[in-house]
Amino acid sequence: MDALLVVDSISKVHGMVTALDRVRFSVEGGEILGLIGPNGAGKTTLLECLSGLIPCDGGHVLWRGSELPPHRRKEQMFYLPDGVKPYGDQSVKAVLDFFRSAFAVPDEERQKTVKDLSLDSVLRKRIDALSKGYLRRVMLSICLLAPQPLLILDEPFDGFDLRQTRMVMTLLRPLVAAGKTLLLSVHQLTDAERICNRFVLLSEGQVRGIGSLDELRKQATLPHGTLEEVFLALT
Amino acid sequence: MRSPNARTDVKPWFALMRKELRGLMTSKALWVMLILLSPLVGFSFIQAVSLYAEASRSAQEFPDLATGMVPLDGILVPTFGGFYIAMTLLFPFVAIRVIGMEKYTGAIKLLLQTPFGIPKIIAIKLMALLVCWFLTLVPGLSAVVIWQAFGGHLYWPDLLNLLLGQMLYSLVIAGIAFFAASITDNYGTAAIVALSFTIGSWVLDFSLGHKLLFWSGLGSLSLTAALKGFEQGLFALSRALQLLVLSLGFVTLSAVWFHPGRSVYTKTINSMMVLSLAAISFVMAGDARMFKDTTEDRRHSFSPAVEKSLQRIDQDFRITVHLAPDDPRLVDLDRSLISKLQRLIPRVSVVIVEPKRGGLFGAASDDAYGQVFYEYAGRKEQSRSTNPKEVLPLIFGLARLPVPEEQDWNFAGHPLVVDAYPSGIWFYCVLPLLFASALWFTHRW
């Protein structure tokens with residue numbers, strides 16, 4: 001597989017604290033890469049740096065071998081942040097219609113996404129009036145409408161129960177088949193193990209391991225270890 | 001794969017505009033402002049009509065007094081005075097929300113990944129706010145309609161000029177509010193920053209009548225002073241352009257600070273560039289020499305014959321005034337003569353010579369105090385008069401121009417005795433109820 005995205009020595013400092021310390025990894029085209037780490041590992045900071053939403057203190061991002069400056073990142077990647085409640089006073093339909101129009105996506109695609117995520121019953125509800133689960137679904141539907149080839153999702157399974165998590169996974173997998181690449185930040189290791197092809201283990205702003213589960217097992221010298229055991233061994 | 005930046009169709013722009021308008025229409029701040037604005041404008045209007053009627057009664061007995069009965073001063077300016085207060089103190093809350101609804105909720109992270117660039121996002125936001133600004137005119141314009149229904153006279157040029165001034169003033173307030181929202185993290189702090197600017201501008205007004213020219217000049221930079229010209233029925237292109245530059249300057253600064261992905265260093269450098277460009281544009285706009293007296297009584301103009309003749313003065317014309325800045329004669333001279341000359345003759349220079357103070361009560365000890373010297377083409381005249389009828393012949397003599405025949409312009413005035421209290425039902429009950437219904441309608445689900 002070709003390296004779609006290369007993250008080269010990204011650093012970020014908050015005052016005296018180093019949030020990201022020369023983070024390096026690459027994303028291959030058509031894979032689901034899991035960014036694994038505990039709370040506070042720097043996952044969200046890394047994703048926001050990558051998508052150009054916060055400034056980095058150092059490092060480069062290469063897209064198919066060429067430098068991709070922050071102001072052009074939105075051409076290639078769409079980042080779905082966690083914990084955002086956009087346009088609380090507006091209806092779900094209005095918000096989805098806005099993003100559909102902004103991305104110039106046909107209405108059929110919006111309707112399909114609404115159906116896939118079972119959002120029909122809340123289309124006329126205000127965003128502020130949604131439960132956490134429905135809000136997550138609305139956010140996910142915005143991401144599914146995005147035309148960019150690389151989708152970056154911060155904690156996509158947060159707020160979903162087991163069934164819903166499986167449903168989200170069944171929605172994400174066909175995206176890869178359709179040519180998209182996914183970078184998921186996940187702190188639930190069992191969820192990550194189920195959906196991701198490769199993993200980047202991040203702890204205290206540093207990359208502690210990169211590779212498929214088998215490659216990580218070799219690094220951790222745990223031939224039969226679970227992702228959780230491998231993660232604990234490497235971090 | 002489609003690139004979000006590659007599209008050129010206009011439909012997404014409509015979507016963005018629709019989103020902004022929907023955001024404003026579902027904003028409680030807008031409807032609450034309108035609910036408060038109605039009685040505020042209504043009270044101002046009813047009081048203005050009452051005072052106008054009282055003065056009109058005297059004018060009916062003494063017709064000479066009727067010349068002072070001008071609806072612009074008596075009705076329109078006081079009515080839109082309530083509007084001005086609402087724009088200064090309430091409109092920032094509406095404008096802050098336009099930026100804040102994305103910045104403070106995190107929705108900005110989604111918006112910035114759509115194909116729209118920041119300048120376009122901010123421009124659409126400003127346009128949407130302007131559309132809603134027209135909604136805020138409803139109480140004021142309904143007062144105008146009621147005034148006409150009462151049989152009141154309306155002179156459209158001065159009304160349109162006043163509305164233009166209010167619009168430019170509101171655009172500056174919007175720019176300040178946008179900037180405040182873009183540099184802060186919550187509504188409260190943004191409101192404090194925005195109100196610091198607007199109320200701070202009021203403080204500048206106090207220095208308007210200051211004895212020292214520096215402070216007096218500083219006072220002329222206040223937003224209220226900028227609006228005053230429009231309220232007095234004078235359209236000055238320089239003032240209009242300066243207000244526009246101020247507004248666009250603040251809006252551009254808000255665009256600089258809106259994106260969370262730029263470093264503070266980059267934002268600071270860009271801000272310095274914007275400020276420099278705005279300062280240069282502001283100064284250049286001040287040189288724009290186009291004036292229009294929009295008043296019916298032509299209070300800012302000489303007669304057409306006099307103006308035509310004065311425009312032939314093409315060399316340096318110097319006026320030296322020996323009066324203290326706080327002397328009422330200087331105000332009188334400035335209003336009746338100097339300002340009019342400055343608007344007509346391109347090369348007029350005015351020097352105010354402040355007197356030396358002495359004596360027990362600090363009275364002027366200068367012998368020339370009260371004198372005004374007029375110099376043109378090496379010739380000099382002097383006068384103590386502030387009356388143009390006495391001074392203009394001197395000026396024509398200096399310029400070797402024939403004194404034009406004065407065509408008397410008799411403005412009869414528009415006195416009207418009417419009781420506006422019944423219109424209180426509209427301003428205190430019907431309009432607030434309509435706006436409250438709109439608030440309920442937009443939040444009904």
Side-chain angles (χ1 to χ4, degrees), chain A residues 44 47-57 69-92 94-95 97-105 123-129 139 142-143 145-152 154 178-181, chain B residues 1-31 97 100-121 124 258-267 439 442-445:
Chain A
T44 300
L47 298 185
E48 295 196 345
C49 279
L50 280 185
S51 48
L53 291 174
I54 58 170
C56 303
D57 293 315
H71 68 274
R72 290 190 54 211
R73 307 250 169 99
K74 68 176 181 179
E75 293 173 20
Q76 307 298 349
M77 53 184 94
F78 182 83
Y79 164 62
L80 185 69
D82 183 31
V84 169
K85 200 183 230 187
Y87 312 114
D89 282 339
Q90 303 198 21
S91 70
V92 171
V95 172
D97 269 343
F98 165 65
F99 282 101
R100 179 191 70 75
S101 302
F103 290 133
V105 171
L123 274 180
R124 298 189 69 81
K125 267 196 167 183
R126 274 188 301 125
I127 295 281
D128 267 346
M139 294 299 290
I142 292 171
C143 183
L145 291 172
Q148 289 90 335
L150 174 61
L151 300 181
I152 302 173
D154 194 4
K180 300 236 183 192
T181 302
Chain B
M1 196 62 65
R2 288 164 300 169
S3 160
N5 274 354
R7 271 179 294 279
T8 54
D9 57 324
V10 291
K11 211 176 169 191
W13 295 104
F14 285 118
L16 185 58
M17 186 67 174
R18 205 169 50 203
K19 174 189 78 69
E20 294 301 337
L21 283 174
R22 198 184 290 118
L24 276 162
M25 291 297 169
T26 54
S27 142
K28 285 179 186 148
L30 174 70
W31 298 111
R97 195 184 180 279
M101 73 174 174
E102 268 129 5
K103 184 140 196 283
Y104 306 148
T105 61
I108 188 172
K109 292 174 185 170
L110 297 172
L111 183 68
L112 290 176
Q113 296 181 84
T114 57
F116 312 115
I118 287 189
K120 290 159 193 169
I121 291 173
I124 294 271
F258 187 65
H259 200 304
R262 311 279 182 265
S263 68
V264 173
Y265 175 77
T266 308
K267 288 175 177 176
L439 172 64
T442 53
H443 288 79
R444 70 192 187 285
W445 68 81

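A, B, ... follow the sequence lines: proteins, then strands. Residue 1 opens every chain.
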Query - Side-chain ion pair, B:Glu102 and B:Lys19, N-O less than 4.0 Å - result: yes
Query - Proximal component of A:Met77, with respect to chain B [non-hydrogen, under 4.5 Å] - result: backbone
Query - Top of B:Leu111, B:Val264, B:Ile108 for chain A proximity - count of heavy-atom pairs under 4.5 angstrom - result: B:Leu111
Requested in this report: Taking only Lys NZ, Arg NE, NH1 and NH2, and the carboxylate oxygens of Asp or Glu, determine whether B:Lys109 and A:Glu48 approach each other closer than 4.0 Å.
Outcome: yes
Query raised in the report: Is the side chain of A:Arg100 donor-acceptor paired with the backbone N or O of A:Leu145 at a distance under 3.5 Å, no angle test?
Result: no
Requested in this report: Have a look at B:Leu110 and tell me which of A:Phe78, A:Tyr79, A:Tyr87 forms a side-chain contact (heavy atoms from CB on, under 4.5 Å) with it.
Outcome: A:Phe78
Report task. Could you have a look at B:Pro260, B:Gly106, B:Ser27, B:Ala107 and say which one has the most heavy-atom pairs with chain A under 4.5 angstrom? Result -> B:Pro260
